[in-house]
There are 2 protein chains.
Amino acid sequence: MVTKTAAKPKPRPRDRAKTETAILDAVSRLILRDGLSGVGINALAREAGVDKVLIYRYFGDLDGLYRAYAEHGDFWWTVEEMLAATEGATDAADALKRGLRHHTAAMRQRPVTLAVIAAEPANRTPLVVALEEVREKRSIELMKQEALRHGGWGDVDIVAVTALLAAAIDYLAARALKIRVYGGVEIKTDKNWERVLAAVDAMIDGLFAATSPAKRKGTS
Amino acid sequence: MVTKTAAKPKPRPRDRAKTETAILDAVSRLILRDGLSGVGINALAREAGVDKVLIYRYFGDLDGLYRAYAEHGDFWWTVEEMLAATEGATDAADALKRGLRHHTAAMRQRPVTLAVIAAEPANRTPLVVALEEVREKRSIELMKQEALRHGGWGDVDIVAVTALLAAAIDYLAARALKIRVYGGVEIKTDKNWERVLAAVDAMIDGLFAATSPAKRKGTS
DNA sequence: GGTTTTTGTCACCATACGGTGACATATAGG
DNA sequence: CCTATATGTCACCGTATGGTGACAAAAACC
């Protein structure tokens, strides 16, 4: 009979680059399948088909692996991309609406990012922290650029409003990964996302209509 | 010298009721300290000062313990409480504003609920599911009651709007447990919560001002 | 060809987990 | 008083975890 060890060891080809990308790819797969907390050394080595000692050798420890993963991936929209998406906007309200729609699409396209966001409040790994830093930096930079474009935001507390709406979108999108319902709204279909985004649009329109015109050309 | 085992065993008094509440109390403490995923059999037994076998005896298994915990606690506002909070509202917009403010206060008063919400998308334990059911039921019931009070919501898609705003509030409050910043908004202080709530108010006002009047007495 | 370094494999460690069986003793029932 | 049951304690199981040291062999270097 054929014993397990004698069957066909088929040793891994000696190629560090390939091994490293195999590991990093396995991280994505594991995050998607089991969430951030599912990315442990043993599960990861198993998933990547790699001995775990190689992970230690190439990335130091789990945190090093997270950091490397955070640097290698595309987890967030870029400021340029976002500015392009809001380019033709007629006014600040329009820019905000377009921006949030682009944000929504960008998030829904990145399930790994959503999974990280979902785990964010609970598991605070270096990957989470790294992603957070990127987000903060780009959001702030984008705010600055958009403000220049439209000459400020009138009376609207743009930081609070975007924080609120972006938080809502992130949370709903993250929930939609594994759960379907929130407050009676099905959040997995495009149709219902459109419903949510329509509500966002309406709120932004109302907000700018109600508060801005009074001082539209007033004291900045 | 005094050995550990011979020192003073001080056996636990034989009182099932006390043991059970000790266990349930330890669940709250553990959730607050380590999050939902920190509530394991061993850690729990340690925290409660109880042998883990008693947990199995009294609650079956971990899921049974979660279920018992879900039934025993006060995790969410009640419909009556919420209706009282919005009692003097002048119109639908005002009711919604008051409701969301009460919701915010209620959430911030219940750190355990926030911790569960934080873990919700990731760890899907029976406790999370039970809490979710309560929320869904009460939200829907509340919507119904409020609609009766104010004769509908005009053109506002109230379900989408409240889902969106409640999601934002829940997420920000849950994040605030362990993180401080989101999109440039410090979310731990009362002052900045007021800022966020002011933005919510402004959006609601704008929303109702912009969309409702057109058909205020129109086709339902 | 011989040596050194790199890459990969394997066996092992201490620890923690969820879960169970056997035992001791306090309390309640007869 | 004797017995049965309820409560609590202890030792243990199998499995998984994060992490490390020893070894084999391919590659690179001289």
Side-chain angles (χ1 to χ4, degrees), chain A residues 3-27 30-31 33-69 119 123-127, chain B residues 3-27 30-31 33-69 119 123-127:
Chain A
T3 72
K4 226 198 288 186
T5 53
K8 261 199 174 176
K10 194 183 169 210
R12 207 187 160 68
R14 304 203 162 203
D15 185 335
R16 172 164 182 169
K18 263 192 183 165
T19 300
E20 286 187 353
T21 67
I23 294 169
L24 293 176
D25 288 353
V27 174
L30 274 187
I31 289 178
R33 189 195 311 147
D34 306 325
L36 235 202
S37 56
V39 186
I41 282 288
N42 294 303
L44 182 58
R46 220 177 299 128
E47 172 71 25
V50 154
D51 195 293
K52 64 178 171 180
V53 85
L54 298 183
I55 301 175
Y56 286 109
R57 275 226 269 270
Y58 298 155
F59 300 100
D61 56 359
L62 262 184
D63 283 5
L65 193 259
Y66 286 142
R67 278 190 291 271
Y69 183 74
N123 321 52
R124 205 138 181 66
T125 69
L127 174 54
Chain B
T3 73
K4 225 197 292 187
T5 52
K8 260 201 176 175
K10 195 183 171 210
R12 205 185 162 69
R14 305 201 162 205
D15 185 334
R16 172 163 182 170
K18 264 193 183 166
T19 300
E20 286 188 353
T21 68
I23 294 169
L24 293 175
D25 288 355
V27 173
L30 274 187
I31 289 179
R33 189 195 312 147
D34 306 325
L36 235 201
S37 56
V39 186
I41 283 287
N42 294 304
L44 182 58
R46 219 177 299 127
E47 173 72 26
V50 153
D51 195 292
K52 63 179 171 179
V53 85
L54 298 183
I55 301 175
Y56 286 109
R57 274 227 268 270
Y58 298 154
F59 300 101
D61 56 359
L62 262 184
D63 284 5
L65 193 259
Y66 285 144
R67 279 190 291 270
Y69 183 73
N123 320 51
R124 202 135 184 70
T125 69
L127 175 54

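Letters A, B, ... are given to chains in the order of the sequence lines, protein chains preceding strands, and every chain is numbered from 1.
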**OP:** Rounded to the nearest angstrom, tell me the gap between atom CG in D61(B) and atom C1' in dC17(C).
**Re:** 15 Å
**OP:** Establish, with yes or no, whether the OP1 or OP2 oxygen of dG8(D) is under 4.0 angstrom from a side-chain nitrogen or oxygen of T19(B).
**Re:** yes
Original post:
Does N42(A) make a side-chain donor-acceptor contact with the base of dG18(D), cut-off 3.5 Å?
Top reply: yes
**OP:** Grab the OH-P distance between Y56(B) and dT9(D) for me, whole Å please.
**Re:** 17 Å
**OP:** Check every atom of dT20(C), dT17(D), dG18(D) against the side chain of R46(A) and return the nucleotide holding the closest atom.
**Re:** dT17(D)
Subject >> Side-chain heavy-atom pair Y69(B), V39(B) within 4.5 angstrom cut-off >> reply: no
Original post:
Which comes earlier along DNA chain C counting from the 5' end, the contact point of R14(A) or that of G60(B), where each point is its nearest nucleotide?
Top reply: R14(A)
Subject >> Closest to the D51(B) side chain, choosing from dT9(D), dG19(C), dT20(D) >> reply: dT9(D)
Original post:
Roughly how many Å is it from CG in L44(A) to P in dA16(D), rounded to a whole number?
Top reply: 17 Å
Original post:
Which distance, rounded to the nearest 0.5 Å, do you find between the CG of L30(B) and the CG of L44(B)?
Top reply: 6.0 Å
**OP:** Test side-chain contact (heavy atoms from CB on, under 4.5 Å) on T19(A) and R16(A) and set out the steps.
**Re:** CA-CA 5 Å; T19(A) 300; R16(A) 172 164 182 169; 5.5 Å; no
Original post:
Which one, dG19(C), dT9(D), dG19(D), comes nearest to the side chain of L62(A)?
Top reply: dG19(D)
Subject >> Whole-Å gap separating P (dG8(C)) and CD1 (I55(A)) >> reply: 12 Å
Original post:
Can you find a side chain N or O atom of Y58(B) that sits less than 4.0 Å from OP1 or OP2 on dA6(D)?
Top reply: no
**OP:** Please tell me which of V53(A) and A43(A) maps to the more 5' nucleotide of DNA chain D, matching each residue to the nucleotide holding its nearest heavy atom.
**Re:** A43(A)
Original post:
Quick one: does R12(B)'s side chain have a donor or acceptor within less than 3.5 Å of a partner on G49(B)'s backbone?
Top reply: yes
Original post:
Quick one: R16(A) CZ to dA26(D) C1', roughly how many Å, whole number?
Top reply: 16 Å
**OP:** State which of dG18(C), dG8(D), dT7(C) makes the closest approach to the side chain of R12(B).
**Re:** dG8(D)
Original post:
So what does L54(A) hit on the nucleic acid, given a heavy-atom distance under 4.0 Å: a base, only sugar-phosphate, or nothing?
Top reply: base
Subject >> Nearest-angstrom distance from the residue atom CG of D15(A) to C1' of dT5(C) >> reply: 16 Å
Original post:
What integer distance in Å separates I41(B):CD1 from dT15(D):C1'?
Top reply: 16 Å
Subject >> Separation of dT5(D) P from R57(B) CZ (nearest whole Å) >> reply: 14 Å
Subject >> Heavy-atom side-chain contact between E20(B) and F59(B) under 4.5 Å >> reply: yes
